[in-house]
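For reference, the structure is listed below as structure tokens.
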Amino acid sequence: MNDALFAVAEAATAEPDTAAQATVAPAPGPASPGPAVLPALAPVDWQDVREQLDRDGVALTGPLLSPAQCRELADTFDDDGLFRSTVVMQRYGFGRGTYRYYADPAAVPVLDALRERLYPPLARIANQWAARLGERTFPPTLAELHAECAAEGQHRPTPLVLRYGPGDHACLHQDVYGDLVFPLQATIMLERPGEDFTGGENVFVEQRPRSQSRAIVVRPRLGQALVFPVQHRPVQGSRGYRRHPMRHGTNAVESGRRTTLGVIFHNAR
């Protein structure tokens, strides 16, 4: 096994929304927002997404963003004015690399549209899971979810952009951020695997009661969304559904630059 992957698999869960910020250079100026047009979302087969989640624990869509939209979002990483916080991962034992939380996702039209349009079908899947596990349900719109977050004292937006270079990786973790947790999230690949970077696979570990944990490795293509649980998923057992906790991380990048967009729907404290 790759040593960096072993380190990912052995790391403790961490909640990466830390208060400390990195020192950054002066802002290079505002980004040029592209049109918030996402035609690739229309043909997404959400039944297939649900079936993948039920079967595998994770789900891949087709490409949701054009190459130009991927470049636009990747370029936002260098616009300091768009972010509320920057985390240098090695300072906190989260792995190695850098991620940045957007201060206002509405300032990036493609991100804003993506989040608004992904939420309703994912909420329907989340509510199916809630019925299986006897958990709370979620409202049909993102605005209503954020109103509930505000009532819990969770006001800070959580979408983020992550950048890794050679040797960078993310330890296994869960993106919890508060008491109210929407159970599904997505990451969008913004670079071309095998061309812009090598290595850097998405890694998941699923804990199975009275059994050994299961590792899952996924390699999204440019513009694809990878949908996965924040904390756990329902799995049918002999006595009904049970919770299988899951954590996610990133294997070491071998060469090049890997940039991804993280779309978490609940806000942070």
Side-chain angles (χ1 to χ4, degrees), residues 1-11 14 16 22 24-25 28 31-32 34 38 40 56 58-80 82-83 85-102 108 110-111 114 158-173 175 185-205 215-228 247-264:
M1 178 182 288
N2 183 297
D3 288 343
L5 179 56
F6 181 78
V8 169
E10 289 295 308
V24 294
S32 299
L38 302 172
D56 304 324
V58 300
L60 271 175
T61 72
L64 299 186
L65 301 178
S66 68
Q69 288 170 327
C70 289
R71 286 193 300 273
E72 175 190 329
L73 287 169
D75 287 348
T76 65
F77 186 90
D78 297 315
D79 187 346
D80 298 333
L82 290 174
F83 299 99
S85 179
T86 298
V87 178
V88 178
M89 296 165 66
Q90 52 267 43
R91 295 182 180 177
Y92 308 102
F94 297 159
R96 200 176 93 177
T98 303
Y99 56 85
R100 313 189 79 179
Y101 289 100
Y102 290 97
V108 184
V110 172
L111 167 60
L114 186 66
T158 48
L160 69 163
V161 61
L162 307 93
R163 178 157 291 172
Y164 301 110
D168 291 354
H169 63 279
C171 297
L172 291 173
H173 64 281
D175 297 311
Q185 66 188 86
T187 186
I188 315 292
M189 178 57 67
L190 302 180
E191 311 273 12
R192 297 169 298 174
E195 297 182 48
D196 297 321
F197 70 94
T198 59
E201 298 85 359
N202 290 83
V203 180
F204 302 85
V205 172
I216 306 162
V217 178
V218 187
R219 299 173 178 84
R221 302 189 308 274
L222 179 70
Q224 279 191 299
L226 175 59
V227 180
F228 54 94
R247 297 184 293 163
H248 63 276
T250 304
N251 191 24
V253 171
E254 296 173 3
S255 65
R257 188 186 81 175
R258 179 188 192 272
T259 309
T260 59
L261 177 71
V263 183
I264 301 152

Practice item. Would you sort out whether Asn251 and Val217 count as a side-chain contact (heavy atoms from CB on, under 4.5 Å), showing the intermediate values? Key: CA-CA 9 Å; Asn251 191 24; Val217 178; over 6 Å; no
Check your understanding: Could you walk me through whether Asp56 and Ile216 pass the side-chain contact (heavy atoms from CB on, under 4.5 Å) check?
Key -> CA-CA 8 Å; Asp56 304 324; Ile216 306 162; over 6 Å; no
**Study point:** Steps toward side-chain contact (heavy atoms from CB on, under 4.5 Å) verdict (Phe94, Tyr99)
**Key:** CA-CA 11 Å; Phe94 297 159; Tyr99 56 85; 3.5 Å; yes
Check your understanding: Does the pair Asp168 and Arg258 meet the rule for a side-chain contact (heavy atoms from CB on, under 4.5 Å), with working shown?
Key -> CA-CA 9 Å; Asp168 291 354; Arg258 179 188 192 272; over 6 Å; no
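Counting all heavy atoms, side chain and backbone alike, Leu65 lies closest to Cys70 at CB-SG, 3.8 Å. Between Tyr164 and Arg96, the shortest heavy-atom contact is CD2-O, 3.4 Å. Closest non-hydrogen pair, Gly93 versus Cys171, comes out as O-SG, 3.9 Å. Shortest non-hydrogen contact noted between Ser255 and Pro166 is CA-CG, 4.2 Å.
Distance check, rounded to the nearest 0.5 Å: OG1 of Thr86 to CZ of Arg163 gives 12.0 Å. Taken to the nearest 0.5 Å, the CZ atom of Phe77 stands 12.0 Å off from the CG atom of Leu82. If you take NE2 on His169 and CD on Gln90, they are separated by 9.0 Å, rounding to the nearest 0.5 Å. Note that OG of Ser66 and CG of Leu222 are 8.5 Å apart. Values are rounded to the nearest 0.5 Å. Separation of atoms CD (Gln69) and CG (Leu64) is listed at 9.5 Å; rounding is to 0.5 Å. Taking CG of Leu111 as the reference point, atom CG of Leu160 lies at 10.0 Å (rounded to 0.5 Å).
Between Leu226 and Val58 there is a side-chain heavy-atom pair separated by less than 4.5 Å.
A donor-acceptor pair under 3.5 Å is formed between the side chain of Gln224 and the backbone N or O of Thr61.
A salt bridge links Asp80 with Arg100: the closest approach of a Lys/Arg side-chain nitrogen to an acidic carboxylate oxygen falls below 4.0 angstrom.
Here the two rings, on Tyr101 and Phe83, have centers that are 6.0 Å apart or farther.
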Result block: side-chain N/O donor-acceptor pairs under 3.5 angstrom for residues 185-193, not counting sequence neighbours:
residue : atom : partner : partner atom : Å
Gln185  : NE2  : Asp175  : OD2          : 2.9
Thr187  : OG1  : Leu261  : O            : 3.2
Glu191  : OE2  : Arg257  : NE           : 3.0
Glu191  : OE2  : Arg257  : NH2          : 3.0
Glu191  : OE2  : Thr259  : OG1          : 2.7
Arg192  : NE   : Asp196  : OD1          : 3.4
Arg192  : NE   : Asp196  : OD2          : 3.0
Arg192  : NH1  : Glu195  : OE1          : 3.3
Arg192  : NH2  : Asp196  : OD1          : 2.8

